[in-house]
Number of protein chains: 2
Amino acid sequence: MATDNRPLGGVGPARRRGLADEVADSVRAAIFDGTYPPGTQLRETELSSALEVSRGPVREALMCLEGEGLLRSGWHRGAVVVELSGEDVAEIDSLRGTLEHLAVRLAVERASEEDLDTLARVADRMRRAEDAHELVALDIAFHDAVYAAGGHRRLQEAWHTIRSQVHLFLVSRIGVSVEDYLATVPGEHRDLVEALRARDPEAALRLFADHRSHALHVLTGRDRA
Amino acid sequence: MATDNRPLGGVGPARRRGLADEVADSVRAAIFDGTYPPGTQLRETELSSALEVSRGPVREALMCLEGEGLLRSGWHRGAVVVELSGEDVAEIDSLRGTLEHLAVRLAVERASEEDLDTLARVADRMRRAEDAHELVALDIAFHDAVYAAGGHRRLQEAWHTIRSQVHLFLVSRIGVSVEDYLATVPGEHRDLVEALRARDPEAALRLFADHRSHALHVLTGRDRA
DNA sequence: GGACACTCTAATGTCAACATTCGGACATTG
DNA sequence: CAATGTCCGAATGTTGACATTAGAGTGTCC
């Protein structure tokens with residue numbers, strides 16, 4: 001799963017990771033594929049015995065996932081997979097809009113040719129995506145690349161705190177108008193790349209806003225807007 | 001220290017907290033008051049013996065502070081207090097500007113009279129602040145209240161991820177034009193409250209932008225802009 | 001019959017010991 | 001003398017046991 005931040009082709013320095021990261025990846029994937037539906041209680045002991053690691057790394061992983069907004073927890077009350085209400089979706093969308101506004105402006109201004117090529121490559125892969133899950137992953141990867149092109153570390157970190165929630169929302173809505181999603185999204189992203197390549201801030205911002213608005217309306221229940 | 005999210009008057013139900021939170025508060029305070037200057041290596045064993053707790057809570061606290069951007073760490077390489085470069089300050093300022101833009105719009109639209117009273121109270125306290133440290137704390141508390149008035153949970157969380165860095169930057173710059181800071185900041189915040197009370201989005205946004213710009217210029221070295 | 005207090009259990013919070021890994025000092029070799 | 005390889009110490013990563021607490025269930029009293 002494209003959860004790490006590799007630029008999708010750059011060979012990362014293959015740095016060592018701890019068990020906590022692997023546990024986090026496992027649990028995150030399990031949440032996305034529906035193994036742990038929203039509302040599920042995640043008990044440290046269960047996970048630790050299921051994954052055959054001690055509770056330490058599990059605890060760390062859960063804290064990490066809570067930072068990504070996938071879990072909510074309280075004192076002595078464990079962790080629960082979030083259930084995204086309508087208000088939650090609105091919050092995510094407005095915050096995402098704000099962050100992406102800055103990201104697009106930065107990307108238009110500072111994206112290298114290599115960055116743009118990466119974006120084009122991801123957009124191109126979308127046209128060959130075979131199922132909706134893969135398309136969602138590519139959608140997220142595309143926006144990752146936009147933020148990366150902005151070269152703004154803290155902005156990327158802020159994106160990371162809602163990225164998984166966006167992902168969760170998208171996959172949880174798979175099934176409502178899949179064909180529409182499959183049909184329109186690849187083309188939209190290709191247009192986004194072109195707008196960035198043209199270095200036209202206003203046009204790019206408008207396209208990105210339309211893209212978010214369209215996705216929100218389609219996925220929020222209103223069919224083929 | 002007003003590090004928790006209490007609305008500055010509401011006596012929280014004093015709910016049970018873990019050792020990790022207390023450790024985090026201690027270390028955060030120590031960073032702010034200069035006990036741990038930027039670049040300091042924070043070793044888990046040292047902290048655990050100094051604070052007389054085991055490494056578990058210390059580890060958790062350090063992870064939390066890393067999430068606030070006060071520390072940086074790597075695999076098997078411990079945690080180091082951040083040193084804010086010029087680029088870092090620019091990043092913090094731009095991200096803060098973006099987040100605050102949304103926060104102010106929300107606050108103008110949705111702030112209750114009680115929220116506004118809280119803001120006015122904090123702004124009023126600034127006039128009686130006796131030292132710069134207290135003024136900085138009140139400055140942060142004021143912006144906390146603005147975000148709180150927006151009623152946008154994830155936006156508040158995003159603010160939390162840079163809040164401590166803003167705090168760190170402000171206290172690290174105490175000494176350069178303290179008198180200017182002390183003289184102008186209380187009045188500026190009173191104006192900000194009035195703008196919010198007037199429910200005028202454009203005016204409020206402009207004042208908040210000016211406020212940030214002024215603070216940045218003063219604290220970045222250029223005196224009395 | 002309903003409300004309160006108690007107990008009991010299962011989960012989280014904490015701890016101290018063990019295993020692994022990074023960085024540097026030292027010796028070795030071309 | 002520089003580059004490389006090895007060893008060692010100290011810090012982090014991991015583990016399992018112990019302490020504490022929230023919440024459910026039960027029993028009693030009014």
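Residue numbers begin at 1 in each chain, while the letters A, B, ... track the order of the sequences. Bear in mind the structure is a predicted one, so any value in this text is a computation, not a measurement.
For the pair B:T98 and A:H101, the minimum side-chain heavy-atom distance is 4.5 Å or more. In this structure the side chain of B:V104 reaches within 4.5 angstrom of the side chain of B:L196, judged on heavy atoms. Side-chain contact between B:V81 and B:L70 is absent, with no heavy-atom pair separated by less than 4.5 Å.
One can place CE of A:M63 at 14 Å from P of D:dG13, the figure rounded to the nearest angstrom. B:E52 places its CD atom 15 Å from the C1' atom of C:dA16, with the value rounded to the nearest Å. What separates CD of B:Q41 from P of D:dA11 is a distance of 9 Å, to the nearest Å. When the C1' atom of C:dG13 is taken as reference, atom CD of A:E60 falls 15 Å away, rounded to whole Å. The interatomic distance linking B:L19 (CG) with C:dA16 (P) rounds to 12 Å, in whole Å. One atom, CG of A:L47, and another, P of C:dA11, lie 12 Å apart when rounded to the nearest Å. As a whole-Å value, the separation of A:E44 CD from C:dT14 C1' is 12 Å.
Ranking C:dT21, C:dT12, D:dT12 by closeness to the A:H76 side chain, first place goes to C:dT12.
Residue B:G18 is in sugar-phosphate contact alone, with no base atom involved, counting any heavy-atom pair closer than 4.0 Å across all strands shown. Within 4.0 Å (heavy atoms only), B:L42 reaches sugar-phosphate atoms of the nucleic acid but no base atom.
Ring geometry for B:Y147 against B:W159 counts as parallel: the plane angle stays under 30°, on a 0 to 90° scale with 60° as the upper cut. Taking the six-membered ring for Trp and thresholds of 30 and 60 degrees, B:F32 and B:H167 have nearly parallel ring planes, at less than 30 degrees apart.
The shortest distance between the side-chain N/O atoms of A:W75 and the OP1/OP2 oxygens of D:dT21 is not below 4.0 Å. For A:R59, no side-chain nitrogen or oxygen approaches OP1 or OP2 of C:dT12 to under 4.0 Å. For the OP1/OP2 pair of D:dA22 and a distance below 4.0 Å, the side-chain nitrogens and oxygens of A:R77 include no atom meeting the criterion. Side-chain N/O atoms of B:R55 include none lying less than 4.0 angstrom from OP1 or OP2 on C:dC15.
With DNA chain C read from its 5' end, the first of the two nearest nucleotides for B:G56 and A:R43 is the one closest to A:R43.
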